[in-house]
Amino acid sequence: MSKSFYSLVILAALSVACTGPKTLQDRLTANDRQIDEVISKMTLEEKVEMLHSKTNMSSAGVPRLGIADIHYADGPFGIREEGVPNGFQSAGWKLDSATYFPTGSALAATWSKDLAYLYGKGMGKEARLRGKDVILGPAVNIQRLPVGGRTYEYLSEDPILSAALSLGYTLGVQEEGTAVCIKHFAVNNQETNRGSVDAQVDERTLREIYLKPFEKAIVEGGAMSVMPAYNKVNGEYCSENEHLLNEILRGEWGFKGMTVSDWGGTHSTMGAMLHGLNVQMTGSNYLGQPVIDSIAKGVLTEEMVDEKVRQILRLRFAIEAVPEDVANTVMTSQPQSQDIALQVARKSIVLLKNEGGLLPLSKEVKKIAVIGQNAVLRTQSGGMGAGVKALYEVTPLEGIRRRAGKDVEVVYAPGYKNFPGRRWGPAPKEPKPLEAAAIDEEADPKLLAEAVEAARGADLVIFFGGTNKSIETEGSDRKDINLPTGQETVVQALHEANPNVVSVIISGGPCDLRVLEKHSPAIIQGWWNGTEGGTALAEVLFGDIAPSGKLPFTFPAKLEDSPAFAMGNFPDPNAGGDLFTLMYRQDRTRMSREQIAEMMAKMPKPVSKYTEGALVGYRWFDTKDIRPMYAFGHGLSYVEFDYGILKATAGKKGVKATFTLTNSGTREADEVAQLYVHRLDATVEWPSKELKAFQRVTLAAGETKTVTLEIPIEDLRFWNVEKNGWDLEHGRLELLLGSASDDIRQKAEVSI
Ligand code: GLC
């Protein structure tokens with residue numbers, strides 16, 4: 001933030017000393033007096049110019065008064081390359097290659113608030129090098145569907161874990177003088193019909209699950225802008241949802257910043273003006289001339305526009321504009337960000353299974369067969385908005401080869417064809433040699449034979465399976481979580497040729513591992529792990545570091561076991577087309593409002609019923625006693641950890657739990673201790689257990705540390721729909737402490 005802003009913050013802080021503590025949100029009002037002066041000098045036209053896009057990634061300032069435009073950049077895990085002014089096509093710049101940070105699900109697998117904070121600092125720094133004021137991220141929607149197209153972007157199925165990481169990322173970014181635009185507010189948990197689906201969710205579930213990651217970052221983190229989602233919530237589009245944007249966001253949470261619609265996600269002038277939208281991205285067919293016309297007719301007032309401009313200028317005054325002759329003068333990707341990306345990648349890798357001690361690789365292993373195109377495919381670009389033009393990306397094969405050096409021979413075979421996905425265009429006549437025409441195409445016999453040959457001649461096989469960024473992408477959901485293009489056939493054949501198979505899944509979301517698991521003594525979830533992903537993976541494989549990632553969402557044995565599918569809530573049979581998918585956003589802004597209204601009237605009204613309520617992810621599996629393939633919080637290490645007796649006390653402020661944690665192995669390792677709560681005598685309905693606190697702990701070989709986990713009383717409340725407010729039910733709680741949601745080591749009881 002600018003020095004002048006900080007001095008004003010200090011002034012504001014001093015001035016409020018007598019009026020009680022200020023949240024980070026309140027600090028945004030530090031310049032209101034100056035802002036009102038600016039507004040008083042602005043014409044109505046200048047004010048309305050600020051309420052919509054100027055270019056595809058900017059909204060207007062007030063040049064005449066020295067107020068700079070606001071420049072936005074996608075995120076959330078790499079500052080996106082510069083696009084042309086009126087679209088997303090690359091502008092072909094040379095210095096905008098950025099650091100490709102591990103994607104959301106990988107960051108979530110670190111279970112580290114500190115790493116999320118560092119991650120945000122890296123992102124914030126690189127945004128400023130690119131002259132960007134606002135990062136369009138973090139993307140924090142709850143992982144409701146294993147098939148969700150943006151699972152790779154989002155964080156966790158649990159609100160406490162997602163909220164902690166969302167807060168860390170927000171604090172990190174904004175401390176670097178860049179604003180976050182936390183997205184997509186709210187209940188944006190599917191890509192199918194994302195532009196028109198109505199997410200129907202009860203208020204308690206909305207508050208306790210889906211809003212938590214936003215609330216924490218906005219109230220505690222001071223997030224300066226929010227992106228309403230494309231979808232509807234309980235009948236109203238998010239970009240004009242009175243309950244979400246005015247009653248909750250501004251009314252209850254005290255949000256003082258601005259809201260920026262998703263690109264093509266604004267739906268009306270009156271709705272946007274009356275129900276909480278500040279900036280239409282993109283186009284001005286709603287928050288442009290029609291606003292001026294409506295004021296002339298007395299339907300809207302200039303004061304309404306003034307309030308929106310005030311909220312926009314609060315962000316503008318808080319974020320020092322990067323001078324044009326400073327921005328984009330050095331390469332965006334910087335070594336310190338690359339190092340942060342490596343740190344995150346190291347802590348994100350999840351060891352799912354390790355039988356027979358295959359990992360870490362033994363010194364006896366002198367020849368490794370690396371099989372599978374996912375060992376060489378880069379994962380930086382694609383997946384639509386969140387793609388990154390990375391300065392470099394170390395693939396798993398490159399990482400393994402570098403680490404193996406001359407001591408170990410590494411051979412590679414593609415093993416299977418890659419399905420490049422053809423979501424946005426017709427299938428080419430002939431797929432390229434190593435590309436499949438269909439996602440469920442059988443294994444290619446030639447590639448299979450070559451792979452088996454390589455496996456037979458090696459001491460150990462590392463099979464790389466999983467998906468790619470055309471299969472898991474924004475804009476569409478997967479049909480299933482099956483491993484594509486005959487990978488199961490390949491791994492089975494490899495295992496028959498060589499019993500020493502380590503499988504590494506490179507994907508954003510969960511895959512069905514039932515067959516693969518039978519043919520893999522060791523399994524790693526490797527994620528889309530950023531610019532140094534291959535380096536980190538090799539370090540884990542060769543034992544330089546112990547794996548310490550934990551699953552941030554459940555890996556179901558089969559898709560039908562997961563809640564929305566089991567309840568028949570997804571996919572919606574009335575799917576049909578989708579305004580957004582059918583009409584690329586730019587066309588919509590060129591259509592007249594009458595044409596859009598006519599088209600909308602014909603559109604099917606897709607609905608997504610959230611009748612599973614709070615039973616998202618492990619809450620469902622535990623409550624319904626359904627065994628997943630790998631549980632929420634699961635992740636093995638190369639050592640064992642011993643948990644000492646759990647001592648807990650409860651008071652007005654919450655619960656405090658203390659225990660010793662010992663690394664009983666012979667090497668340094670991290671553990672993520674997890675504390676869940678089970679209600680013993682509740683009258684209110686609760687999931688069987690809920691994560692309420694966690695901590696990543698680094699322990700040297702043989703080291704013991706005393707760990708204290710605290711649960712603030714606020715996190716034990718429920719949303720009482722009768723009172724329409726937060727409430728606390730007194731009673732006995734069983735505390736469950738462990739290494740995973742299905743690996744509880746110690747218990748204790750307290751009463752609140
Ligand atoms: C996209 C995404 C959003 C992104 C925006 C700009 O459609 O939903 O996450 O920030 O448009 O690319």
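Whatever order the structure lists ligands and atoms in, that order sets their numbers, starting from 1.
Ion pairing of E175 with K121 is present here, as a side-chain N (NZ or NE/NH1/NH2) and a carboxylate O approach within less than 4.0 Å. No salt bridge links E236 with K232; every basic N to acidic carboxylate O contact stays at or beyond 4.0 Å.
F553 pairs in a ring-ring contact (aromatic ring centres under 6.0 Å, His included) with only one of the listed residues (F632, W527, Y152), which is W527.
Atom numbering of ligand 1 starts at 1 in the shown order; those under 4.0 Å from a heavy atom of M57 are 6 (C), 12 (O). The ligand atoms of ligand 1 that sit less than 4.0 angstrom from a heavy atom of K183 are 3 (C), 4 (C), 9 (O), 10 (O). For ligand 1, the atoms lying closer than 4.0 Å to a non-hydrogen atom of Y230 are 1 (C), 7 (O), 8 (O), 11 (O). Every atom of ligand 1 with a heavy atom of L136 under 4.0 Å away is listed here by number and element: 10 (O). Listed by number with element, the atoms of ligand 1 under 4.0 Å from a non-hydrogen atom of R80 are 12 (O). Interface of R194 with ligand 1, defined as ligand atoms under 4.0 Å from a residue heavy atom, comprises 7 (O), 8 (O).
Sorted by first then second residue, the salt bridge (charged side-chain N to carboxylate O under 4.0 Å, His left out) pairs that include residues 273-290, not counting sequence neighbours, number zero.
Of the listed residues (E474, M281, H184), the one carrying the non-hydrogen atom nearest atom 9 (O) of ligand 1 is H184.
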task = Test side-chain hydrogen bond (donor to acceptor under 3.5 Å, both in side chains) on H275 and E242 and set out the steps.
result = CA-CA 5 Å; H275 304 309; E242 179 67 13; 2.7 Å; yes
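The closest side-chain donor-acceptor pair between Y210 and N141, if any, does not fall under 3.5 angstrom.
Ligand 1 does not have Y72 within reach: every non-hydrogen atom of the residue lies 4.0 Å or more from it. Note on ligand 1: E191 sits outside its first shell, no heavy atom being nearer than 4.0 Å. Within the structure, ligand 1 lacks E153 among the residues with a heavy atom less than 4.0 angstrom away.
With a heavy-atom cut-off of 4.0 Å, M227 touches ligand 1 through its side chain alone.
A perpendicular orientation is assigned to the rings of W263 and Y72, their planes being inclined by more than 60° (bins at 30° and 60°). Y237 and H267 have parallel rings, their planes meeting at less than 30° on a 0 to 90° scale where 60° marks the start of perpendicular.
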